[in-house]
Each structure stands twice: as structure tokens, then as C-alpha cells.
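Report on one structure; see the data block that follows.
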Amino acid sequence: MLNFSEVEAVNMRQSVQEDAAPPLNIPLCAKYMRSFAYKTMKDRLPIILTKIIDGLVREKENVISCHGEKAREELKKVIGYISQLKNELQTDKPFTELSLIGTDAEIWNKHLKDNAKEIGVIPSYFQTDWMYAECYIYRRLQEAFLNTESLKKFDPFHWQKKEALDSAMRPIKSLAVLLNNIVVKNSNHSKDEIKNNFICLLKIALWGNKCDLSLSCGGAVSVDDNPLSMLKQYDHYMLVDDSEDVWKTLADCKGSTVDIILDNAGFELVTDLCLAEYLIVNCDIAKVRFRAKMMPWYVSDVMVKDFHYVINTLAEHQEPFSNIGNRWLNYVNQGKFEILADQFWTLPLNYYLMEKVDKELYDDLKSSKLLIFKGDLNYRKLVGDVSWPTTCPFKNALRGFHPAPLVSLRTLKADVVVGLRPGQAEETAAKASDWMLTGDFAVIQYDSEKHFS
Ligand code: F6P
Ligand code: MG
């Protein structure tokens, strides 16, 4: 149990909102009103929660027909719980302990206790670290469903993920055609062609990260019909491009494993699968391990069932979708593609803590030739979600996290970025004042050696 009662906490808490940008070198926090954290907690998350409630009300009869009559009463309970959660968020209420359902609840409750000790009050949505506060919302959401009998495995973002895949079938078709042409075992492609095709797929996987449904609060995100044609023009928006270094890491990698720490389902996942197949067929990688989330997360993040859903959907479609879908199914069956979900990815913890908190996962990642971290949230966790000066080296921001050579493929959707040249942030801001938040700018950032700052 916590040492503070809620009443004490409310009394002690100074619900300070500062009309300022986040100061440098501290964890991002929604108390700074000129931060994306503030906008997210104040506007974006309430919209996301409202959309879940609307979806559950709209699809009530469908849900009941899939999950049984018991779900009728339980849906009311879930909707009530989510409405209350939204209210707690909007009134900046102190966090409460999770009921001990789910193997991770103890870790979350310990984190609450430790954080309360550290900051001297019970943490709340606008007063504690943004990373913790935002992750906590998604874990509480999961609790709403875990507390039922009939809806424990229910994914409230399922419809949005499905729609996102359906609406991306045209660009996926272009990708399938491209992949069918370049994924050829023992082809007469020159070394340069193999490298160029790899970098092209790496960049497609990078820009696929524009398609998360959290930034759009669950709204549709359109993708250019021909993702290949957009690459040249997108190059102007790349702030750091370490793709050559990534390629060098893959030299001499026969029989090795690569890990992709996944981000979003739908189109982005398809781009990741394309890259993975290319690694297997053209780069001599023996296995690609995909790391997914254990619970519905940040609207569109991939869970194991989303991974299978995307591959099966493509396999059941006509050509050229069925070509890629069936090949990927075979890789899954042969163990060349492996999908894994570890609890650590949905804890509110930055990655420099992984070695201490989940040694097993850390050691598992050590066996990888290359770790590919997808997306904005993974980036935030890599660099500790701190408002670093933009010229802080990537290596320093990782604070010793280095199980293996790693690369981040990230479109910028939060006000943190490192590894820029002096003056580069200012130049970019002059072009677009919201450059850190729109997903229009991106980095391919690589780190090869272990380093402690
Ligand atoms: O809401 C916070 C956030 O991390 C944003 O910064 C970003 O819009 C979104 O969630 C997740 O983006 P991604 O899917 O790229 O991790
Ligand atoms: Mg995501």
C-alpha cells in the first residue's frame, strides 16, 4: 500500500501548470503548457478515450454476438470505467494502484510507490513524467477489460487497425510488386544493387512510421499510392541518415538474427515485413524476430494477433497480395520469422533500465546482429524521454543501453530529438515551426558501440 492517502496527496500536490516550454535536460512532462506532452494529455488522450467509448456503444451488438451475452452487462462496466478514467485524466487525479490482474501489475504498483517517494506526492497525469503518465493510461485501459470475464482479450483499437489496413491496400499493392521483383534468391543483382534495394526498403520502413493512429487520435492516415516514388522527395526531410552504417553492420552476417522492435500495425507493419524478407533472402540473415506488444497500446501498435491478421489477410487476397502473404506465412512456419511479445515493451520504463529490470530480454537482444527500433515511442524510450539539447550525441542519450548494434527508424512526433548538427534544429524550425510534431521529418539513427556517458 502507498504511504500517502489520496486526501493527503491532493492537499500536498501543487497542481502547477507552467506557461513555458520544457526546460532542457529533464524528463518531458505535461506540466509545461508549451509542450506536446501537455497537448497530448489535455486534448489527444481524451479524444482517444472518447472514440473507444463511441466504438463500444456503436458496435455493442456485434461485440455481444462475438463474446456472448455476459458481455452485455460487462460492456456497461467497461464504458463506465473508461469514462471515469477520462475524468481522472482531465481533473489531474492522483494515480491509483492496479488490481493484481496481469503479471505486470506488481511492477506497475512498485513503480507508483517509487515515483511517489521520489517526487514527494502521488504522481498524477500533468505532474509526473509524460512517459509514465501516458503509458499508465493505456495500462489502465487494459485493466478495464481484464476486470471482465468475457472481454479480457478485447482490443478496443481493433476496428481502427483493421480500417487502416483496408485503406492502405493500394500502397501495399505497389510494395508487393516491388518486393516480388527485388526479392530473388541468387539473383544476378550486383552488390551495389543489393545495397541500394536494402536502403530503399529501410527508408520505406522509416516513412511507414508516418502512419500511426495515435498522432491522428485514431483518424485515418493516408499513404501515397506508390511509396517508392515518394522516397526521393522525402530525403529532404531526413535530419540524420545513418543508413550506410546500418548496411555495413550487415556485411558478414550469414546465419545471424535481426530483431525488429515493432511499432504500428497496418501499412507500417507491411513495410517492416518487406524489409525482413529482404534481409532473409538477399542479405543472408537466418531469422528475423519481431517484437510486439502484449496489450492494446498507443492505438495502433502491433500485438501478436495483429501480426498474424495482416499476414493472413494478405495471403487470402488475390495476387500480388497473396504472393507476399503466402511467402511470409511460410517464413513463420519455418521459424525464419518469429513473433514475440515481452512485458517490458509495455512498462513505463526507458530502455536504459532494461538490463536491470528484464535481464532475460536484454540478454536475448544481445544475440542479435542488429536491433531495428521502429517509431516515435521506441525513440522516446531509447533516449529516456528527456528534453536533451538537440546536439546531444545519440550514444550519450542511450545512457549505456546497447545490447547490440541498433538503429532507430523514426518520424518525429514528439518534442525530443538528439544527434543533430549545431544549427540544424534552428534551420529546420525556420522551415516548419512544428517540425518535431507532425511526422514530416525523420531520422535513421545508428549506434554501434557500447558507451556510458
Ligand atoms: O502520444 C505520444 C506519442 O509518443 C507521440 O509522440 C506519437 O504521436 C505517438 O505517441 C506514437 O507514435 P509512434 O506510433 O510512432 O510510436
Ligand atoms: Mg505506435
Side-chain angles (χ1 to χ4, degrees), residues 22 27-30 32 35-49 51 89 125-126 129-139 141 155-157 160-161 164-165 168 205-221 223 260-272 290-303 306-307 310 341 345-346 348-351 372-387 407-418 434-445:
L28 299 178
C29 176
Y32 302 106
S35 68
F36 191 55
Y38 177 72
K39 189 173 160 39
T40 295
M41 302 310 280
K42 186 175 152 294
D43 301 329
R44 293 174 59 233
L45 277 166
I47 295 176
I48 289 171
L49 294 176
K51 282 196 179 167
L89 162 65
Y125 299 92
F126 288 81
D129 301 349
W130 178 31
M131 177 61 68
Y132 178 23
E134 196 178 14
C135 291
Y136 176 78
I137 292 266
Y138 286 94
R139 181 57 182 84
L141 189 57
D155 176 359
F157 303 121
Q160 283 148 307
K161 291 184 213 176
L165 181 68
L206 162 69
W207 291 109
N209 180 245
K210 271 170 99 72
C211 302
D212 89 88
L213 297 176
S214 152
L215 186 62
S216 66
C217 299
V221 184
V223 190
I260 304 183
I261 296 82
L262 293 170
D263 188 358
N264 303 301
F267 180 72
E268 181 171 356
L269 174 58
V270 174
T271 66
D272 300 332
F290 295 88
R291 307 286 180 164
K293 306 294 192 301
M294 271 181 126
M295 68 182 79
W297 199 246
Y298 283 68
V299 186
S300 43
D301 282 20
V302 181
M303 297 169 66
D306 301 319
F307 180 87
V310 165
W345 307 117
T346 46
L349 304 177
N350 294 311
Y351 292 158
I372 303 175
F373 285 89
K374 293 296 313 286
D376 193 76
L377 182 63
N378 274 323
Y379 187 88
R380 288 176 51 202
K381 286 186 164 187
L382 281 169
V383 302
D385 215 31
V386 163
S387 53
V407 63
S408 164
L409 308 183
R410 177 236 186 174
T411 64
L412 277 64
K413 296 176 231 161
D415 35 12
V416 53
V417 67
V418 295
D434 54 0
W435 63 288
M436 283 176 150
L437 308 177
T438 53
D440 291 337
F441 290 84
V443 293
I444 296 184
Q445 241 161 359

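Heavy atoms only: backbone and side chains are in, while hydrogens, waters and symmetry mates are out. In what follows, residues are counted from 1 in the order of the sequence shown. Both ligands and their constituent atoms are indexed starting at 1 by order of listing.
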Residue Glu134 vicinity, atoms of ligand 1 by number, heavy atom under 4.0 Å:
1 (O), 2 (C)
With respect to Thr40, determine whether any N or O atom, backbone or side chain, lies less than 3.5 Å from an N or O atom of ligand 1.
no
Compare all side-chain heavy atoms of Asp263 with those of Asn209 and state whether any distance is below 4.5 angstrom.
yes
Nearest protein heavy-atom contact for atom 10 (O) of ligand 1: which residue, which atom, what distance?
Ser214 OG, 3.3 Å
I want to check something: taking the side chain as every heavy atom from C-beta on, are Thr411 and Asp376 in contact at a cut-off of under 4.5 Å?
no
In terms of ring plane angle, is the pair Trp130 and Phe36 parallel, tilted or perpendicular, where the classes change at 30° and 60°?
perpendicular
Metal proximity, Ser300 vs the Mg ion (ligand 2), N/O/S cut-off 2.8 Å
no
Test of proximity, Asp263 against ligand 1: N or O pairs below 3.5 Å:
yes
For the backbone of Leu377 and the side chain of Lys413, can you confirm whether one donor and one acceptor N or O come within less than 3.5 Å of each other?
no
Relative to each other, are the rings of Trp297 and Tyr138 parallel, tilted or perpendicular (30° and 60° limits)?
tilted
For Gly375, atoms of ligand 1 separated by under 4.0 Å from a heavy atom:
15 (O)
Proximity to ligand 1 by part of Asp376, non-hydrogen separation under 4.0 Å:
both
Asn264 atom OD1 and Asp263 atom OD1 as seen from the Mg ion (ligand 2), angle to 10 degrees:
90°
With a cut-off of 4.0 Å, which atoms of ligand 1 are near a heavy atom of Tyr298?
10 (O)
Using only atom types and a distance under 3.5 Å, with no angle test, would you say the side chain of Lys161 pairs donor to acceptor with the backbone of Asp301?
yes
Purely on distance, is any nitrogen or oxygen of Phe36 under 3.5 Å from one on ligand 1?
no
Enumerate the atoms of ligand 1 whose separation from the nearest heavy atom of Asn209 is less than 4.0 angstrom.
15 (O)
For atom 3 (C) of ligand 1, the closest protein heavy atom turns out to be Arg380 NH1, 3.5 Å
From the Mg ion (ligand 2) out to just under 2.8 Å, does an N/O/S atom of Asp301 turn up?
yes
Do Gln445 and Leu382 make a side-chain contact, defined as non-hydrogen atoms from C-beta onward lying under 4.5 Å apart?
no
Between Asn264 and Tyr298: side-chain donor-acceptor atoms closer than 3.5 Å:
no
Please write down residue, atom name and distance for the protein heavy atom closest to atom 15 (O) of ligand 1.
Lys413 NZ, 2.7 Å
How does Trp130 reach ligand 1, if at all, at less than 4.0 Å between non-hydrogen atoms: by side chain, backbone, both, or neither?
side chain
May I ask you to decide if Met131's main-chain N or O and Lys381's side chain share a donor-acceptor pair within less than 3.5 Å?
no
Of all heavy-atom pairs between Asp415 and Met436, which one has the smallest distance, and what is that distance?
CA-SD, 3.6 Å
Element-labelled atoms of ligand 1 that are located less than 4.0 Å from some non-hydrogen atom of Arg44
1 (O), 2 (C), 8 (O)
